[in-house]
Undergrad: 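What follows is a structure written as structure tokens; I'll ask about it next.
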Amino acid sequence: RGWRSPRWPADRMAKPELQDEINALIKGIAEALALPTDTVALAFQENRAAIDFVSDDQARHFIDVTLDGRSARIGLKPAPDA
């Protein structure tokens, strides 16, 4: 049911209702950077990865990702009620 860290205690894990969203984010970042999901998740745990939420001049929303010298811009879909 997605990636779970064997090193993080249960009290540091995401709330169950957010687990699917976090797994989707990690998977999307892994695909954009052509890396395994475990590698991406571990990089965030070790503070080797960062994300920044940005918008362009046409009000489109993106996530800029950097990880160990790699970078990618991932487009976000508008919310269903937007």
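Each residue takes its place number in the sequence, starting with 1.
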Undergrad: Please list, chain by chain and in numerical order, all residues satisfying side-chain contact (heavy atoms from CB on, under 4.5 Å) with Leu25, sequence neighbours excluded.
TA: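 With neighbours one apart ignored, the set is Ile29, Ile51, Ile63.
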
Undergrad: Can you name the nearest heavy-atom pair linking Leu33 to Ala72, along with the distance?
TA: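 Nearest heavy atoms, Leu33 then Ala72: CD2-CB, 3.7 Å.
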
Undergrad: Linking I/L/V/M/F/W/Y whenever any side-chain heavy atoms sit under 4.5 Å apart, do Leu67 and Val54 land together?
TA: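 No, no single cluster joins them.
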
Undergrad: Apply side-chain contact (heavy atoms from CB on, under 4.5 Å) to Ser71 and list each qualifying residue two or more places apart in sequence or on a separate chain.
TA: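 Scan of Ser71 (side-chain contact (heavy atoms from CB on, under 4.5 Å), adjacent residues dropped) gives Thr66.
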
Undergrad: Can you list everything that forms a side-chain hydrogen bond (donor to acceptor under 3.5 Å, both in side chains) with Asp57? Sequence neighbours excluded, please.
TA: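 Once residues adjacent in sequence are excluded, Asp57 has no partner under the side-chain hydrogen bond (donor to acceptor under 3.5 Å, both in side chains) criterion.
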
Undergrad: What are the two closest non-hydrogen atoms of Ser55 and His61, and how far apart are they?
TA: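 Closest heavy-atom pair between Ser55 and His61: OG-ND1, 2.7 Å.
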
Undergrad: Working to the nearest 0.5 Å, report the span between NZ of Lys27 and CG of Asn23.
TA: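 Reported value, rounded in 0.5 Å steps: 10.0 Å.
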
Undergrad: Residues in side-chain hydrogen bond (donor to acceptor under 3.5 Å, both in side chains) with Arg73, at least two apart?
TA: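 With sequence neighbours excluded, Arg73 shows a side-chain hydrogen bond (donor to acceptor under 3.5 Å, both in side chains) to Asp64, given in chain and number order.
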
Undergrad: side-chain contact (heavy atoms from CB on, under 4.5 Å) with Asp56: which residues, sequence neighbours excluded?
TA: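 For Asp56, the residues satisfying side-chain contact (heavy atoms from CB on, under 4.5 Å) (neighbours in sequence not counted) are Gln58, Arg60, Phe62.
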
